[in-house]
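The block underneath contains the structure these notes are about, expressed in structure tokens.
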Amino acid sequence: QVQLVQSGAEVKKPGSSVKVSCRTFGDTFNNFIITWVRQAPGQGLEWMGRIIFMQNIINYAQKFQGGVTITADRSSSSAYIELHSLKSEDTAVYYCAREVHSNSWKDWGQGTLVSVS
Amino acid sequence: QSALTQPASVSGSPGQAISISCTGTSSDIGGTNYVSWYQQHPGKGPKLLIFDVIHRPSGVSNRFSGSKSGNTASLTISGLQPDDEADYYCNSYTTTSTLYVFGTGTTVTVL
């Protein structure tokens, strides 16, 4: 049973940055493909990007290119997403999720609320 | 890459069957079998219901089924139950640089 545990809620000022972590438990991190999804208050899900850890491939949604950085660290079995130059519109819950079946996400973190004000 | 189009809401009585449509283009749904569906209860994270258009992960009820025709995918919930009341999202792989796109989301109400 794989678990994804995310870092806690953050309150940030506009223009600052924040880094959200997603630590994985229960399987070999090398094989992981971790995706990041955001959900603004009362809004739908939005795909932000992913990292294929073994191949060190990182893909970003065009909308977020340049505004976020996705990384991973084998030693801590963790993936990270850093959001730069925060705006109030970036207030959202950010989820990490693991690809288990092809191009879909079965295991999800609990979500991290980032509030920008 | 625009979000896939879903109806805002669908409702049904307990025991009934309902379907939720998800319409895209030939650059996403019409060009791939990587279509998935997610259920999200209020305040909770998404749960995978369907992957690769028609397949259910282990542990997901067979009351949930998926299909696709052309640029439109559909999720059918049969034998509607009160706990099915939730938001539902489709997702598709795309041939653009934005690899995946979610649908706009559908709120299911059990009458």
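Heavy atoms only: backbone and side chains are in, while hydrogens, waters and symmetry mates are out. Here is how names work: the chains are called A, B, and so on, in the same order as the sequence lines, proteins then strands, and each is numbered from 1.
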- Message: Quick check on the interface: out of B:G105, B:G103, B:P57, who has the most heavy-atom pairs with chain A under 4.5 Å?
- Response: B:P57
- Task: Please check if atom CZ in B:F102 has more than 12 non-hydrogen atoms from other residues, nucleotides or ligands closer than 6.0 Å.
- Result: yes
- Message: Counting only heavy atoms from other residues, nucleotides and ligands, does the tally under 6.0 Å from CD of A:Q3 exceed 12?
- Response: no
- Query: chain B: which of A:Q39, A:M48, A:Q65, A:Q43 shares the most heavy-atom pairs with it under 4.5 Å?
  - Reply: A:Q39
- Query: Charged N to carboxylate O below 4.0 Å: is that the case for A:R38 and A:D90?
  - Reply: yes
- Item | Atom group of A:W108 that falls short of 4.5 Å from chain B, counting heavy atoms | side chain
- Query: What part of A:Y60 gets closer than 4.5 Å to chain B, counting heavy atoms only: side chain, backbone, both or neither?
  - Reply: backbone
- Note on the structure: Applying a strict 4.5 Å limit to non-hydrogen atoms, the region of B:Y89 in contact with chain A is side chain
- Task: Would you mind reporting whether B:E85 and B:V108 have side-chain heavy atoms less than 4.5 Å apart?
- Result: no
- Message: Assess, by modelled atom type and distance only, whether the side chains of A:N103 and B:Y100 contain a donor and an acceptor separated by less than 3.5 Å.
- Response: yes
- Among A:G111, A:A97, A:S102, which has the most heavy-atom pairs under 4.5 Å with chain B? A:S102
- Message: Can you confirm whether B:K47 sits close enough to B:Q40 that some side-chain heavy atom of one is under 4.5 Å from a side-chain heavy atom of the other?
- Response: no
- Item | Side chain / backbone / both / neither for A:V37 at chain B, heavy atoms under 4.5 Å | side chain
- Task: Against chain A, label B:S36 side chain, backbone, both or neither, depending on which of its atoms sit under 4.5 Å from a heavy atom there.
- Result: side chain
- Item | Toward chain B, the part of A:Q62 with a non-hydrogen atom under 4.5 Å | both
- Message: A side-chain contact here means heavy atoms from C-beta on lying under 4.5 Å apart; do B:L80 and B:S78 qualify?
- Response: no
